[in-house]
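Numbered from 1 within each chain, the chains take letters A, B, ... in sequence-line order. Please read these numbers as outputs of a predicted model, since none were measured by experiment.
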Amino acid sequence: MWCNREQSETHTSWSTRAGPRRPPGPSPRSCSGRAPACHPARPVGSRRQTGSVRSRPVILHLDLDAFFTAVEQLHKPSLRGKPVVVGGVGGRGVVSTASYEARAFGVHSAMPTAEARRRCPHAAYLSPRFEAYRDASVRVMDLARAVTPLLEQVSIDEAYLDLTPAHPDATVESVTALVEDLRAGIHAATGLTASVGAGTSKLVAKIHSDLAKPDGLLVVPPGTEAERLAPMSVRAIPGVGPATAARLTAHGVGTVGRLAALDLGEAVALLGKAHGTQLHAFAHGVDDREVVTERAAKSVSAETTFPTDVTDRVTLGRHVRELTARVGRRLRADGLSGRTVVLKVRRHDFSTLTRSTTLDQPTDDDAAVVRHAERLLAGLDVSNGLRLIGVGVSGLSLYTQPDLLDGLLDETLAPVRTTAEDFDRPDAGGADDPDPSPDVELVDTSGPPTGRPTWRPGQDVQHAEHGRGWVQGSGVGRVTVRFEGPGTPVGRVRTFADDDPDLVATDPPRWPAQDDHITDDY
DNA sequence: TCTGGGGTCCTAGGACCC
DNA sequence: TCTGGGGTCCTAGGACCC
């Protein structure tokens, strides 16, 4: 339970503000007003349980403040306290992140860099250095995972944490103390500041991490969600962008409260079935989305915007090959292949077209992707010039079917294709899995073309970074391993080059049957 | 001011099958 | 001869998020 009896009986505000590191700036915003008593232990469905006690979810949303520019300011002290802008620095660039010093001049994300330079000519304009950001992100997320392994990273600088199982007796005070410890730990270890919203759902946590920025914490007591949301603009709801807001405003709906007052039918008529239903629930403070620790990729793509529009098909073909090479590298690095090849172009007038084609078999082969992408490009009129071209692959599966092997396979080794989802669902192979045997694509590993190690499915292995696991599938030049931990979440599937020196056989095989071994121990 | 790059999800129409 | 409905897959576009 979330409630603190004293507080719930005295109707005091449960809000909590940032710790002492908050820089000078806008005055602290707090959860103002009197909160009603929380509902004592009202069950919220059966999905979250710890032992026999059901508790209201305790969800955090952690968001690093002005992340890219903060990393740059840490790495280069001369930038501290000054306006810094990270983004595309070319003629058609846009701002990824503006430091708070730059925001004071009206610079913000997604603004064309040209406009930002006009508003703040003396700022430092930097191209993004994703490697540095990834390093910092990993350090922060590791600290957060020490609080709970139920962490869903939604972007390089954002994550949801579910504290429910680990803290079934959470109170506003205990959540506040825990989060302030985490924020202090992040700052001490990395120099970065994180803002956090805490509440009974992702929605409430997310909205309030935004309101807590920069370097703040807002804890929303259970039971106060709807009334807190009601006066907010509909734009505060994640999923309401410019188009949806305009549509709502045209019908006199500008606040969350007005949206909540609509009939469900009206909301659906206005916004469509899925969107209308979800936003209507959100407006009532209802959000049952779970924190999901692992998610299978659905597509891989790469695109580029030209400095000036391009009409020359030879040039376009060269870009298609380069973009495909980037996509292919990432597919192979993750052991993925896809069935649908997508070509995307943006024309001189900023209109965007996509053309796609679906193959009989998934592929991760550059030549195959290029062939189809070029065919799609050939069907488009480019005479007025393109400003962007992109290549993508979707319909992903975890395993490649190498064309090379077509002739080698005999009927008993006929490949069985499985989707990434089959392997990434959290209970795969677990006690509740109706079919714990891995549905692995079998490929002939008896006669690889080189002297590299040959792995057979079921073999036990160890990997320096990921811990212990067993071989789940093998392909030409690569091996796919399911891990048991530690170091990697239970059930995690990873693919490696089969001569990866960090991949070591454990000998003799002594691995227990996997359905005895995988448990959901959260 | 003139709009990046990487994604996710939804909708809608048409083909096709039963 | 005229005409079903449901389900699935594919394609294209659009909104949205960071």
I'd like to check T340(A) versus V393(A) (side-chain heavy atoms, cut-off strictly below 4.5 Å). Are they in contact?
no
Using the test side chain to side chain donor-acceptor pair (under 3.5 Å), find all partners of T97(A) that sit at least two apart in sequence or belong to another chain.
none
Determine whether V292(A) and R295(A) make a side-chain contact, defined as any pair of heavy atoms from C-beta on separated by less than 4.5 Å.
yes
To the nearest angstrom, how far is F105(A) atom CZ from dT1(B) atom C1'?
18 Å
Partners passing side chain to side chain donor-acceptor pair (under 3.5 Å) against D181(A) (at least two apart in sequence or in another chain)
none
Round to the nearest Å and state the distance from L380(A) atom CG to dA12(C) atom P.
9 Å
ring-ring contact (aromatic ring centres under 6.0 Å, His included) pairs touching residues 333-373 of chain A, sequence neighbours excluded, are none
Partners of R119(A) by salt bridge (charged side-chain N to carboxylate O under 4.0 Å, His left out), sequence neighbours excluded?
E115(A)
Pair V58(A), V175(A) - check side chain to side chain contact (heavy atoms under 4.5 Å, CB included), show working.
CA-CA 8 Å; V58(A) 188; V175(A) 171; 3.8 Å; yes
Mind pulling the stems DNA chain C is in, i.e. runs of at least three Watson-Crick or G-U pairs, everything under 3.5 Å?
B:5-18 with C:5-18
Over how many whole Å does the gap from H108(A) atom NE2 to dC17(C) atom P extend?
15 Å
Under a 4.0 Å heavy-atom cut-off, which of residues 259-278 of chain A touch DNA chain B?
K273(A), A274(A)
dG13(C) OP1/OP2 closer than 4.0 Å to side-chain N/O of T354(A)
yes
Any chance CZ of R103(A) has more than 12 other-residue heavy atoms, nucleotides or ligands included, within less than 6.0 Å?
yes
What is the distance, to the nearest angstrom, from the CG atom on L203(A) to the P atom on dC16(C)?
16 Å
Have a look at R118(A) and say if it touches a base, only the backbone sugar-phosphate, or nothing, with a 4.0 Å heavy-atom cut-off.
sugar-phosphate
Find the distance K298(A):NZ to dC10(C):C1' and express it as a whole number of Å.
18 Å
Using every non-hydrogen atom in the two residues, find where G199(A) and V204(A) come nearest and quote the distance to one decimal.
CA-CG1, 4.0 Å
Rounded to whole angstrom units, what separation is found between the CG atom of L359(A) and the P atom of dC9(C)?
16 Å
Donor-acceptor contacts under 3.5 Å from residues 230-252 of chain A side chains, at least two apart:
| unit_1 | atom_1 | unit_2 | atom_2 | d |
| --- | --- | --- | --- | --- |
| S233(A) | OG | R235(A) | N | 3.0 |
| R235(A) | NE | V240(A) | O | 3.0 |
| R247(A) | NH1 | L270(A) | O | 3.1 |
| T249(A) | OG1 | A245(A) | O | 2.6 |
| H251(A) | ND1 | R247(A) | O | 3.1 |

Under the ring-ring contact (aromatic ring centres under 6.0 Å, His included) test, which residues partner Y100(A), sequence neighbours left out?
none
Name all residues meeting the ring-ring contact (aromatic ring centres under 6.0 Å, His included) criterion together with F105(A); count only those two or more places apart in sequence or in a different chain, and write none if there are none.
H122(A)
Under 4.0 Å, heavy atom to any atom of DNA chain B: which of residues 231-244 of chain A qualify?
none
Hey, what are the protein-to-nucleotides 3-6 of chain B N/O distances that come in under 3.5 Å?
| unit_1 | atom_1 | unit_2 | atom_2 | d |
| --- | --- | --- | --- | --- |
| dT3(B) | OP2 | R387(A) | NH1 | 3.1 |
| dT3(B) | OP2 | R387(A) | NH2 | 2.7 |
| dG4(B) | OP1 | R387(A) | NH2 | 2.9 |
| dG5(B) | OP1 | T305(A) | N | 3.1 |
| dG5(B) | OP2 | T305(A) | N | 3.0 |
| dG5(B) | OP2 | T305(A) | OG1 | 2.4 |
| dG6(B) | OP1 | R326(A) | NH2 | 2.9 |
| dG6(B) | OP2 | E303(A) | N | 2.5 |
| dG6(B) | OP2 | E303(A) | O | 3.3 |
| dG6(B) | O3' | R330(A) | NH2 | 3.1 |

Take the protein atom CG of L343(A) and the nucleotide atom P of dC10(C), then report the distance between them rounded to whole Å.
19 Å
Set of residues satisfying side chain to side chain donor-acceptor pair (under 3.5 Å) with respect to H108(A), sequence neighbours excluded
none
Using whole Å, what does the distance between atom P of nucleotide dT8(B) and atom CD of E152(A) come to?
13 Å
Between dC16(B) and dG4(C), how many Å separate the two C1' atoms, rounded to a whole number?
15 Å
Between K206(A) and dC18(C), is there a contact of a side-chain N or O with OP1 or OP2 at under 4.0 Å?
yes
Which atom of T293(A) lies closest to which atom of P149(A), heavy atoms considered:
CG2-O, 3.6 Å
With respect to the phosphate group of dA12(C), does any side-chain polar atom (N or O) of S356(A) fall under 4.0 Å of OP1 or OP2?
yes
